[in-house]
Amino acid sequence: MRLELEKRAEHSRTMAVLSPLLALLLTLVSGAIMFALLGQDPVRALYTFFIEPLTASWSLQELVVKAAPLILIAVGLAVCYLSNTWNIGAEGQFTFGAIAGSLLPIMVPGFETPLTLPLMLLMGIAGGMLWGAIPAFLKIRFGANEILTSLMLVYVAQLFLDWLVRGPWRDPEGFNFPESRLFSDAAILQPLADGRMHVGALFALLAVIAMSVILMKTLKGFEVRVLGQAPRAGQFAGFSRNKMVLFAFLLSGGLAGLAGISEVSGSINQLTPVISPGYGFTAIIVAFLGRLNPIGIFIAGFLLALSYLGGEAAQVSLGLSDKTTRVFQGMLLFYVLACDTLILYRIRLTRTFAPSGKEA
Amino acid sequence: MQDHETNPPPGAETRRSGEVLLEARGITKQFGDVRANDDVSLVLRAGEIHALLGENGAGKSTLVKILYGALEPNAGTLHWRGAPVRISSPAEARALGIGMVFQHFSLFEALTVAENIALALPGGTPLRDLAKRIRSVSQDYGLALDPDAIVADLPVGIRQRIEIVRCLLQEPKLIIMDEPTSVLTPQEADQLFLTLERLTAEGCAILYISHRLEEVKRICHHATIMRHGKVVMECDPAQETAGSLARLMVGSAVHDLKRGAQVAESAPRLELRGLSAPPDGPFSVALQDIDLSVKGGEVVAIAGIAGNGQGELFDLLSGERRAQDSGAIVIDGTASGHLGITHRRRQGCGFVPEERLGHGAVPGLRLSENIVLTRHGTGDGLVRGGMLDMGLARRMEQRIKSNFDVRMSHDDPEARALSGGNLQKFVIGRELDRTPGVLVVNQPTWGVDAGAAALIRQELIDLSRQGSAVLVISQDLDEIFEVADRIAVISRGHLSPAEPAVQLTRERIGLLMGGLEEGQGKAHHAA
């Protein structure tokens with residue numbers, strides 16, 4: 001007896017839907033085992049982690065606040081990954097977008113007009129695009145591996161932000177804390193309800209709708225899929241690989257930059273040394289868990305946002321390390337990628353052939 | 001699994017009487033829903049060249065992989081010199097004395113001949129002793145080889161010698177050869193046949209896979225013919241005609257092509273004027289000063305052994321790679337060397353590359369989406385304002401499917417689900433559907449079964465008779481003589497002048513393939 005992976009003739013639609021659910025289930029089971037080993041009651045721990053955050057209005061709003069940047073970044077990354085371009089540096093583009101968008105409220109705090117906010121958002125998008133254009137240029141011009149360059153630029157952007165808020169952009173009235181000045185009201189994204197939820201959530205929704213249309217209905221979306229799956233066929237179709245690399249990086253960088261400035265303007269209201277709990281990296285998991293499909297990403301964004309809240313809850317009520325969140329996110333990505341094998345392959349149990357007998 | 005029958009298939013009694021080396025009984029192998037081998041039995045005798053015939057997908061490769069230990073059968077047994085054996089890896093096959101020469105070479109191009117051979121042998125032999133053995137064995141069998149030559153520098157025919165010598169050094173009793181002549185010139189093939197005769201005279205058995213029926217008739221003592229995974233017939237190929245063998249393989253008569261009269265000469269629609277291009281990679285071929293003119297109403301074929309610049313030429317013709325000089329490629333009177341592929345399609349050109357999956361079609365996309373691949377820019381209305389009209393693409397898919405007899409298990413499948421022949425009909429049908437003024441096809445029927453090949457060739461001729469210029473690049477001389485009005489030969493990036501097909505003999509093409517008229521006396525392996 002042995003297990004064999006057998007290639008399917010075509011990809012299985014059923015498994016494409018089931019694979020993320022299966023991965024989620026395996027993650028929960030592994031999580032329960034982990035909690036048990038840590039001496040916790042697995043049922044109570046999983047409840048605290050995944051259900052409790054959904055029981056109060058403030059935490060549901062918090063869920064939206066955390067899901068919005070994840071979704072915004074992930075739909076951009078989906079275009080990258082579908083076109084076989086590996087942007088791992090969304091966290092850096094997020095950071096640089098936040099910095100670029102904060103230029104106005106920090107350098108020109110007196111500029112308070114209805115134009116302030118739109119300009120900030122545009123500058124945030126431009127900042128993210130600029131940061132994304134660097135690895136794209138390096139890949140096109142020198143063939144540099146974009147995984148490495150985009151990842152390394154994350155640390156450059158983070159250290160640049162750190163230097164800014166400790167140095168030139170430190171709030172003169174901030175008692176020497178490493179923080180910028182607070183944004184004026186004209187520079188703040190308005191809340192949608194009476195809590196922390198703000199207009200940034202609508203950007204995520206719009207991005208999901210727009211990307212669905214682009215990927216499914218337009219020639220550009222077709223180009224993305226062709227170049228991602230068969231670069232040689234893309235060339236045969238007359239599509240340019242280099243232009244696609246640039247397009248994917250500009251799009252994902254711009255969306256990450258928009259997420260960055262929205263987070264700063266809507267939630268933090270100033271620049272601080274750390275403005276993200278790793279949204280740019282978590283969005284990679286969101287993109288894959290959502291099958292690189294905008295609608296799927298919308299759902300996956302909420303799930304990963306929940307893992308952030310659950311991690312906080314587990315810290316408070318169970319006294320577990322906040323690393324639990326990272327462990328859950330890591331397990332989820334691992335299982336998603338593993339389960340994806342089943343989309344193109346099926347598992348078969350085969351009986352081993354006995355050399356002497358004719359019948360197997 | 002059903003019970004195994006021992007009744008010999010018709011024709012099994014007409015045999016030479018050598019010692020039975022390897023016998024396969026009732027071999028069955030299932031892949032998913034497909035039974036690749038269904039109760040296959042085969043007897044290989046010492047001193048015999050045994051042909052294994054069948055169309056693509058008939059199950060030859062599966063059977064051979066089982067004999068060589070690369071696959072495990074679901075049922076059936078193997079017997080070596082009468083004793084049951086289990087061959088569970090190629091190493092075990094080699095230990096028994098079974099050697100194999102593969103169709104696609106497994107050589108490291110950057111290493112020397114001796115180093116390549118050393119990699120396949122059990123360790124421990126000093127390279128210098130090995131080089132000596134290579135020299136003596138290769139000389140012995142008339143397969144002259146320089147052990148110190150770097151493989152990348154050697155022509156394909158010599159590379160095959162390496163594979164054969166590597167096999168001979170293991171002193172096999174049975175050699176399996178998979179389409180050994182597909183990459184050889186007629187002259188090189190003759191040399192190989194002498195070696196095979198010598199081997200059988202020494203008592204070696206050879207299992208010879210080929211679909212070149214003339215050559216099977218000439219050298220093989222016995223033939224086993226497979227169809228749809230089963231053995232349908234055993235025979236003495238010398239007693240058969242190529243036509244009768246083809247019928248047995250296909251299961252029905254293969255229709256002769258209707259050539260039709262060539263239409264009146266028209267102006268050249270595709271012209272190459274001194275087209276040159278440097279190699280674009282370490283193992284790519286430079287094209288040198290290529291001149292060619294294809295008129296409307298004719299089929300011109302470019303013959304040549306694989307790897308002599310066909311792929312590079314195709315990329316330049318299609319515009320996937322731009323020519324340095326825009327006047328080097330002229331389409332319907334317009335200098336087009338600098339134009340990209342979409343632009344050339346708008347000029348009325350159609351292109352069919354050699355590689356179907358991954359170049360001509362995206363494996364994971366549906367057929368309707370694969371129509372958009374080459375026709376998004378050709379004014380068929382598939383794209384309006386950047387938006388795709390997939391409904392139209394599906395209607396076109398239906399049309400191409402019925403016009404070109406593309407068979408599929410369900411509607412609009414992913415390209416990877418089609419068999420090679422059906423996908424090729426689709427990829428060619430997709431271009432013919434627009435009646436292109438210029439059609440360039442690289443290896444139109446490579447790996448395609450005889451029925452589909454005949455249909456494709458007929459379509460190419462018919463297109464030209466409607467006034468289009470058709471350029472066919474092919475390795476298959478039979479195909480070239482079937483379709484071409486004029487023939488040119490490509491050899492190491494040089495193209496011979498196109499000559500009328502009726503004036504050319506196979507021998508002359510063979511010499512041209514070997515580089516006879518490249519000039520500069522580079523024709524060292526043509527002799």
Side-chain angles (χ1 to χ4, degrees), chain A residues 2 4-13 16 82-84 143 210 212-243 247 291-292 340 343-348 350-360, chain B residues 1 3-4 25-26 28 30-33 72-78 84-88 315 318-321 340-345 351 353 355 357-366 369-370 372-377 382-383 385-390 409-410 413-418:
Chain A
R2 64 158 184 254
E4 267 184 9
L5 277 180
E6 189 180 79
K7 204 161 179 20
R8 298 174 194 265
E10 293 185 71
H11 85 255
S12 152
R13 262 143 227 288
L82 282 172
S83 72
N84 208 9
S212 297
V213 173
I214 290 175
L215 284 177
M216 291 300 134
K217 302 282 177 200
T218 69
L219 182 63
K220 196 71 194 172
F222 180 72
E223 194 178 328
V224 167
R225 281 181 290 150
V226 168
L227 281 169
Q229 293 182 29
R232 197 70 219 278
Q235 199 185 353
F236 185 61
F239 302 146
S240 157
R241 174 94 197 105
N242 285 344
K243 280 186 197 155
F247 171 79
R291 309 243 54 79
L292 304 181
D340 275 3
I343 297 175
L344 262 185
Y345 294 85
R346 74 179 112 233
I347 291 180
R348 275 174 74 98
T350 45
R351 275 183 277 176
T352 328
F353 171 67
S356 49
K358 239 185 312 190
E359 299 298 313
Chain B
M1 306 286 136
D3 277 340
H4 161 60
R25 289 183 197 155
T28 297
Q30 190 96 17
F31 293 109
D33 305 332
E72 212 176 348
N74 297 111
T77 51
L78 298 173
V85 283
R86 179 178 175 180
I87 305 175
S88 56
D315 286 354
S318 70
E320 287 172 85
R321 192 175 160 206
I341 185 164
T342 305
H343 206 117
R344 293 189 200 184
R345 286 198 179 108
F351 306 100
E355 205 66 46
L357 275 182
H359 192 174
V362 183
L365 293 187
R366 298 175 171 284
E369 294 172 302
N370 271 301
V372 179
L373 191 72
T374 65
R375 297 185 61 173
H376 60 84
L382 280 169
V383 182
M387 307 295 277
L388 295 177
D389 185 349
M390 288 314 293
S409 55
H410 63 92
E414 290 172 16
R416 65 170 145 240
L418 289 191

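Naming: A, B, ... by sequence-line order, numbering from 1 per chain.
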*For chain B, which of A:Val226, A:Leu344, A:Thr218 has the most heavy-atom pairs under 4.5 Å?*
A:Thr218

*Check A:Ala233 against B:Leu373 and note the closest heavy-atom contact, atom names and distance.*
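Looking at all heavy atoms of both residues, the shortest contact is O-CD1, 3.9 Å.
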
*Quick one: closest heavy-atom pair of A:Phe236 and B:Ile341, and the distance?*
O-CD1, 3.1 Å

_Can you tell me how far apart NZ (A:Lys217) and CE (B:Met390) are? Round to the nearest 0.5 Å._
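These two atoms lie 9.0 Å from each other.
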
*Look up atom CD in A:Gln229 and atom CZ in B:Arg416, then write down how far apart they are to the nearest 0.5 Å.*
7.5 Å

Below 4.5 Å from any heavy atom of chain A, which atoms of [X] appear? Answer side chain, backbone, both or neither.
{"X": "B:Arg345", "value": "side chain"}
{"X": "B:Glu355", "value": "neither"}
{"X": "B:His376", "value": "side chain"}
{"X": "B:Val383", "value": "side chain"}

_Partners passing salt bridge (charged side-chain N to carboxylate O under 4.0 Å, His left out) against A:Arg232 (at least two apart in sequence or in another chain)_ = B:Asp315, B:Glu320

*With sequence neighbours left out, write down each residue that passes salt bridge (charged side-chain N to carboxylate O under 4.0 Å, His left out) with A:Arg291, or none if nothing qualifies.*
A:Asp340

Top contributor to chain A interface from [options] [non-hydrogen pairs under 4.5 Å]:
{"options": "B:Arg321, B:His343, B:His359", "result": "B:His359"}
{"options": "B:Pro353, B:Gly340, B:Ser318", "result": "B:Pro353"}
{"options": "B:Val372, B:Thr342, B:Thr374", "result": "B:Val372"}

_A:Arg8 versus chain B, the contacting section by heavy-atom distance below 4.5 Å_ =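 Neither the backbone nor the side chain of A:Arg8 comes within 4.5 Å of chain B.
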
